[in-house]
S.K.: 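Handing you this structure, nothing more for now.
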Amino acid sequence: MPELVRYDVRDRVAILTVDNPPVNALGPGVLEAIEAAVARVCADPGVDAMVLIGAGSTFIAGADIRIFGTLKTREQSLARSEGTHARLLRIEEATKPVVAAIHGNALGGGLEVAMACHYRVIAPDASVGQPEVTLGIIPGAGGTQRLPRLCGADLAIEMCTGGKPVPAARALSAGIVDLVAGANLLDDAVAFARAKAAAGETRKTRALVEKIADRSAGVAACAAARTTLAKTSRGLQAPLKAVDAIEAAFTLDFAAGSARERDLFAGCVTSTECRALVHMFFAEREAAKVPDVPKDTPVTPIVRAAVIGAGTMGGGIAMAYANVGIPVLLKDVDDGAVQRGLATIRRNYESSVAKGRMTSEALQRTLALITPTTTYDGFEDVDIVVEAAFEDMALKRVIFADLGRITKASCILASNTSSLDIDEFARASGRPGQVIGHHFFSPANVMKLLEIVRGRETSRETIATSLAVAKRLGKVGVVVGNCFAFVANRMLAYYMREALLLLEEGATVPQIDGALTAFGMPVGPFGMQDIAGIDVGWRIRQFLKSIGKTRAEGPQSAVPDRLYEMGRYGQKTGAGWYRYEPGSRERIHDPLVDQIAAEEAAKRGVTRRQVDDDEIVARIMTALTNEGARVLEEGYATRASDIDVVYCHGFGYPRHVGGPMFYADTVGLPTVLARIKEYRERHGNYWKPAGLLEKLAAEGRGFNG
Ligand code: 3HC
C-alpha cells in the first residue's frame, strides 16, 4: 500500500504530502494519516514546524464523495462527523506551527483541513471553496464555524450557499489565507512555517473572534441571505441549511456551533437532494467514458475551427469556440447573412459587457477571433468544422462533400443537425471516420450540453476528440447513437406531447408551466416554446411530415398549428401560448388559447375535466421516463445516467432531482409502470411500457442499479 501521507524533513520543517490520487480526496484513512503525521511532528525533536501539501495537481479536493452513499441514517452521519471534527481539533491543537500549502484547489473538506491548520499559504493560481451545496449538503467538517471566523459572515455565506471557489487574491484579502506564494509554493510555505516556529507562534482558527464579534450583524446577514435564497434557490434545501449553520457561528460557541453543523449536515446527507446531486456529479464524469473508446485514444489537437451557417445556432457555436480562445471562421452564403450573424454576436457580447460579465477589452479580443467569410478559403487549415446550416439533407450532403474534399485528412467534420441522419453526411463526405454529430443547445454559447452523435463509421479518435472539445468548450459531452432526433429531442417530443394532451383535457397553459416550474424546471414547456418560437416547431413538423415521421407516437394535438396559423409565434410576435405587452416578457394567460384547446379537444372527442398539478407532473415525467427507457433498451444511450445528464444540461431539468431516469428510480419503477398501465386504460393504447422498464420493475431494480 502506498503511504497516504508522506513524511519528509527539510531543514527542521516536516513536509507532509497527502498522496491519494487523483485529487487527494479524504478517502478512508487519509484524515487519520494526516493526524498521525501531525502527531509525529509534534513528538519529533528534530522538527520545529510542518507544511501540509498535496501531491499531484491539487491540494485536498474534499471528502471522498462516494462516502456519502454509505451514510444511510442520521446516526451514521453524526458518528462520522464527530470523528472528523475531533481529528481536526487535534490537528489544530498541534504544539508546532502547521501550515497548509495550497495549489490547485482546496475544496470542501480540503479547505476545512486547511482551516484547521494554523496558517495557509496559497499558489497564485489556486482557489479555495466550499462547494458542498452543489452536492446537496453543507460543509460538515467545521467549515461553517471556522470560515466565518476567518472572513466574516458575508463571504462565508456567499461561499457556502453559492459553492463557487474563490481565487487566491480574494482569499488573501478576505483573510482566508495568510500569504500568496511566488513561483515556488513549497519553498515559500516552508519559509513561512520556519518563521512562525522561530517566533513561537501558532494560531487556532476556532479561537479567532474579531470577524464574528458583531453578532447582530452576522445574524442580520443570515436573515438577508434567507430572503434572497427564498427567491433564488429553486427548491434546494442545502443553501438554507448552510445559512442556519453559519448563523450558529454568531450565536453559539465553537463547540455548540459545531454540534449544530453536524446535526444540519446529517439532515442534508440523508436527503434525496444529496443523493440526486451526488448521482449527477458521477453521472457527468461517467458520461465522458465510452466503453469502446479507451482512455488513451489519440486526440486531435484543435487549434483552428470553422462554423458553417451564421444563424442563431452557428453564431452561438462560433462564440463558444471564440470564448475559449480558439480562432474560428464563420461562413455563410453571402455577405449579408454573415454580417447579420456577426452583428448578433457583437450584440450578445455587448450585453455581457453591460451586465459586467465581460470587459470591453475581452469583447474586442474575443470578437477578433471570429473571421467572417463567404468562401472556403482557410478551411484547409482548420482542425474541426461544425456545420450549422438549414435542416435540409440535400444542402448538407453538398456541404459534407465539399468539406471532404477541401479540409485536411485529420479534420473533424461535425454537424449540428438536430434530427438528420449522420451516416448520410458521412457517406457524402467520403471520410466517414471523421464525421460526427455535435448537437448544441440554444443558446449554444450558454447551454452546457453537447450531444455527440456517433455514426456507424465514426472513428474512436473522432469520438475522443469530440469529448475533449466538449470539455475545452466548458460543456458536458454525452455520446449517443444516431437514432431519429437523437436522445435529447426524442425525449423532449414525449414531454411536449403529454403537455399538449393535458392542455386539451382541461389544464391551462399557466397551470402546466407552473406545475413544472414548481417541480424545478427553469421554465415550463409552453414558456419554453414561446422563447424558441412556435414557427420553429411548425417548420420542424412540416419537415417531419415530408419524410413521413412525427415527433412522438400517440395523438397529435393541432393546437400548436392553430397558433402558428394565427401568426402567434411566441415572444417575438407578442403572442404565442401567452400574451405579451409591448417590450415585456411577462407571460399573461390568454383565455383564447384555452378556447382553442377546448375546440381541438371537442374535435378529438376528448372530455374536458379538472386536471390537478400532481397529475400534470406525473404524466409528463412518466412519458419522459418511458421514452428514456426505450432509448436505453435500443442502445442509443450507454447508460441511464447519460440520459439524466442529457436532460439536465440540455433542457434545465433540475439537477437536484437527478434527471428523469434517476427521478423514476426515486419514485420506484413499479409505481411508474403502474401509472403507464393506468394511463393506457384511461387514455388509450399509445401508452406502452418500454420492455426495459417492465423487466427492471419485475426484477426489483432501478435504471441506476
Ligand atoms: N471524491 C471522490 N472522487 C472525486 C472527488 C471527490 N471529492 N473529486 C473528484 N473526484 C474524482 C472524479 O470522480 C474523477 O474520477 P474519474 O476520473 O474516475 O471520473 C476524478 O476525481 C477527476 O475529477 P474531474 O474529472 O472532476 O477532474 P477535474 O480536474 O476536471 O476537476 C476538481 C478536479 C475541481 C477537484 C473536481 O473534481 C471537483 O470539483 N471535485 C469535487 C470537489 C468537491 O465537491 N469537494 C467537496 C466534497 S464534499 C465535502 O468535502 C464535505 C465536507 O464538508 C465534509
Side-chain angles (χ1 to χ4, degrees), residues 18 20-28 30-31 54-71 76-88 102-116 125-147 156 159-167 238 241-242 245-246 258 261-266 268-269 273-275 277-290 294-296 467-468 470-477 639 641-642 645 655:
V18 181
N20 187 28
V23 294
N24 298 319
L26 297 170
V30 176
L31 195 53
S57 61
T58 186
F59 189 72
I60 301 163
D64 184 334
I65 295 168
R66 283 167 298 206
I67 288 172
F68 303 145
T70 67
L71 303 176
Q76 286 171 343
S77 170
L78 288 171
R80 189 176 173 85
S81 299
E82 273 162 25
T84 305
H85 279 218
R87 284 187 202 292
L88 292 179
I102 300 167
H103 71 302
N105 295 285
L107 297 175
L111 177 56
E112 289 169 305
V113 169
M115 291 191 294
D125 57 352
S127 53
V128 298
Q130 299 281 184
E132 286 87 346
V133 281
T134 63
L135 299 165
I137 52 173
I138 64 168
T144 64
Q145 304 307 298
R146 286 193 179 87
L147 189 58
M159 288 172 69
C160 295
T161 62
K164 263 177 115 175
V166 167
K241 302 290 177 204
I246 290 169
S258 299
E261 180 193 273
R262 291 196 291 270
D263 188 51
L264 289 161
F265 179 87
C268 291
V269 81
E273 177 176 317
C274 171
R275 285 206 297 126
L277 288 168
V278 167
H279 162 74
M280 288 306 298
F281 177 87
F282 288 114
E284 283 152 5
R285 284 155 182 85
E286 274 304 294
K289 296 168 193 159
V290 183
K295 230 177 157 183
D296 56 359
L467 283 163
K471 192 157 187 181
R472 177 117 180 253
L473 299 183
K475 312 247 175 242
V476 182
R639 39 183 102 76
S641 61
D642 284 5
V645 176
R655 286 178 92 250

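Bear in mind the structure is a predicted one, so any value in this text is a computation, not a measurement. Both counts, for ligands and for their atoms, begin at 1 and track the order of listing.
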S.K.: Looking only at protein heavy atoms, which one is nearest to atom 2 (C) of ligand 1, and what is the separation?
M.R.: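 Going atom by atom, the protein heavy atom closest to atom 2 (C) of ligand 1 ends up being D64 OD1, 3.3 Å.
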
S.K.: Find the distance between CZ (R639) and CG (D642) and round it off to the nearest 0.5 Å.
M.R.: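 Between R639 CZ and D642 CG, I get 4.5 Å after rounding to 0.5 Å.
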
S.K.: Classify the side-chain pair E261/T144 by whether it contains a donor and acceptor separated by less than 3.5 Å.
M.R.: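 E261 vs T144: donor-acceptor pair found between side chains.
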
S.K.: Students should be able to answer this: which protein heavy-atom is nearest to atom 7 (N) of ligand 1, and at what distance?
M.R.: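 Heavy-atom neighbour on the protein nearest atom 7 (N) of ligand 1: A63 O, 2.8 Å.
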
S.K.: Rounded to the nearest 0.5 Å, how far apart are NE2 of H279 and SG of C274?
M.R.: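 Reported to 0.5 Å precision, the distance equals 13.0 Å.
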
S.K.: Pick one of side chain, backbone, both or neither for how T134 approaches ligand 1, counting any non-hydrogen atom pair under 4.0 Å.
M.R.: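 Neither part.
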
S.K.: Is the closest protein non-hydrogen atom to atom 12 (C) of ligand 1 under 4.0 Å?
M.R.: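 Yes, because at least one protein heavy atom sits under 4.0 Å from atom 12 (C) of ligand 1.
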
S.K.: Quick one: does K289 get within less than 4.0 Å of ligand 1, heavy atoms only?
M.R.: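 Contact check K289 vs ligand 1: positive.
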
S.K.: Measuring only between side-chain heavy atoms, which start at C-beta, is V128 closer than 4.5 Å to F59?
M.R.: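 Of all side-chain heavy-atom pairs linking F59 with V128, none is under 4.5 Å.
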
S.K.: Is atom 15 (O) of ligand 1 less than 4.0 angstrom from at least one protein heavy atom?
M.R.: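 For atom 15 (O) of ligand 1 the answer is no, since every protein heavy atom stays at 4.0 Å or beyond.
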
S.K.: Please work out, at 4.0 Å between heavy atoms, whether the side chain, the backbone, both, or neither of N105 comes within that distance of ligand 1.
M.R.: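 Within the 4.0 Å criterion, N105 contacts ligand 1 through side-chain atoms alone.
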
S.K.: Give the atom numbers and elements of ligand 1 that come within less than 4.0 Å of a heavy atom of E112.
M.R.: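 That gives atoms 52 (C), 53 (O), 54 (C) of ligand 1.
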
S.K.: Checking N105 now: which residues fulfil side-chain contact (heavy atoms from CB on, under 4.5 Å) with it, not counting sequence neighbours?
M.R.: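 Testing N105 for side-chain contact (heavy atoms from CB on, under 4.5 Å), a comparison that skips the adjacent residues, returns T58, L107, S127.
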
S.K.: Look at atom 31 (O) of ligand 1 and say whether a protein heavy atom is found at less than 4.0 angstrom from it.
M.R.: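 So atom 31 (O) of ligand 1 lacks protein heavy-atom neighbours under 4.0 Å.
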
S.K.: Is R146 close to L88 at the side-chain level, that is, under 4.5 Å between some pair of heavy atoms?
M.R.: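 Yes; the side chains approach each other to less than 4.5 Å.
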
S.K.: Could you measure the distance from the OG1 atom of T84 to the CZ atom of F265? Nearest 0.5 Å is fine.
M.R.: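 With rounding to 0.5 Å, OG1 (T84) is 8.5 Å from CZ (F265).
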
S.K.: Please write down residue, atom name and distance for the protein heavy atom closest to atom 27 (O) of ligand 1.
M.R.: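 Going atom by atom, the protein heavy atom closest to atom 27 (O) of ligand 1 ends up being K471 NZ, 4.6 Å.
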
S.K.: Applying a heavy-atom cut-off of 4.0 Å, say which part of I65 lies close to ligand 1: side chain, backbone, both or neither.
M.R.: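 Both the backbone and the side chain of I65 come within reach of ligand 1.
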
S.K.: Are E284 and R655 ion-paired here, with the side-chain N under 4.0 Å from a carboxylate O?
M.R.: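 Yes, this pair counts.
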
S.K.: Does the side chain of Q76 come within less than 4.5 Å of T70's, by heavy atoms?
M.R.: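 Sidechains of Q76 and T70: no contact.
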
S.K.: Which atoms of ligand 1 are found less than 4.0 Å from any heavy atom of P139?
M.R.: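 Atoms satisfying the 4.0 Å criterion: 53 (O).
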
S.K.: Indicate yes or no: at least one non-hydrogen side-chain atom of I246 is less than 4.5 angstrom from one of C160.
M.R.: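 The answer is yes; the side chains approach within 4.5 Å.
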
S.K.: Identify the heavy atoms of P131 and G108 that sit nearest to each other, and give their distance.
M.R.: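 Scanning both residues, the minimum pair turns out to be CD-N, 3.3 Å.
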
S.K.: If you have a sec, work out which protein heavy atom is nearest atom 10 (N) of ligand 1 and how many Å separate them, to one decimal?
M.R.: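 Nearest protein contact, heavy atoms only, for atom 10 (N) of ligand 1 is V23 CG2, 3.8 Å.
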
S.K.: In chain order, what residues pass the side-chain contact (heavy atoms from CB on, under 4.5 Å) check against R285, with sequence neighbours excluded?
M.R.: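 So R285 forms a side-chain contact (heavy atoms from CB on, under 4.5 Å) with F281.
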
S.K.: May I ask you to list the atoms of ligand 1 that are less than 4.0 angstrom from any heavy atom of E132?
M.R.: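 Those qualifying, in numeric order: 48 (S), 49 (C), 50 (O), 51 (C), 52 (C), 53 (O).
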
S.K.: What atoms in ligand 1 come closer than 4.0 Å to a heavy atom of G108?
M.R.: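 Reading through ligand 1 atom by atom, the close ones are 46 (C), 50 (O).
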
S.K.: What are the atoms of ligand 1, with element, lying closer than 4.0 Å to any heavy atom of L135?
M.R.: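 Here the atoms of ligand 1 in question are 44 (O), 47 (C), 48 (S).
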
S.K.: Taking non-hydrogen atoms only, is F68 closer than 4.0 angstrom to ligand 1 via side chain, backbone, both or neither?
M.R.: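 It is the side chain that touches ligand 1; the backbone stays farther off.
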
S.K.: What I'd like to find out is whether the side chain of I67 reaches to under 4.5 Å of the side chain of R80, using heavy atoms alone.
M.R.: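 Yes - at least one pair of side-chain heavy atoms lies under 4.5 Å apart.
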
S.K.: Contact between ligand 1 and T58 is defined here as a heavy atom of the residue under 4.0 Å from a ligand atom; is it met?
M.R.: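 Heavy atoms of T58 never come under 4.0 Å of ligand 1.
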
S.K.: I need the nearest protein heavy-atom contact for atom 41 (C) of ligand 1: residue, atom name and distance, please.
M.R.: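 The closest one turns out to be F281 CE1, 3.6 Å.
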
S.K.: Rounded to the nearest 0.5 Å, what's the gap from OG on S57 to NE2 on H103? Could you check?
M.R.: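 Separation between the atoms: 6.0 Å.
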
S.K.: Could you tell me the residue and atom name of the protein heavy atom closest to atom 26 (O) of ligand 1, and the distance to it rounded to 0.1 Å?
M.R.: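 Of every protein heavy atom, R285 NE, 2.7 Å lies nearest to atom 26 (O) of ligand 1.
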
S.K.: Do N24 and V30 come within less than 4.5 Å of each other through their side chains, counting heavy atoms only?
M.R.: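 No, side chains not in contact.
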
S.K.: Just to be sure I'm reading this right: ignoring hydrogens, which of G109, G140, G143, G129 gets closest to atom 50 (O) of ligand 1? Compare them by their nearest heavy atoms.
M.R.: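 Considering heavy atoms of G109, G140, G143, G129, the nearest to atom 50 (O) of ligand 1 sits in G109.
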
S.K.: Considering non-hydrogen atoms of the protein only, which is the closest contact for atom 39 (O) of ligand 1, and what is the distance?
M.R.: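 For atom 39 (O) of ligand 1, the nearest protein heavy atom is L107 CD1, 3.9 Å.
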
S.K.: What part of A61, side chain from CB on, backbone N/CA/C/O, both or neither, has a heavy atom under 4.0 Å from ligand 1?
M.R.: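 Both backbone and side chain of A61 come within 4.0 Å of ligand 1.
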
S.K.: In terms of residue, atom name and distance, what is the protein heavy atom nearest to atom 44 (O) of ligand 1?
M.R.: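 For atom 44 (O) of ligand 1, the nearest protein heavy atom is P131 CG, 3.5 Å.
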
S.K.: Side chain, backbone, both or neither: which part of P22 comes within less than 4.0 Å of ligand 1 when only heavy atoms are counted?
M.R.: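 The answer is the side chain.
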
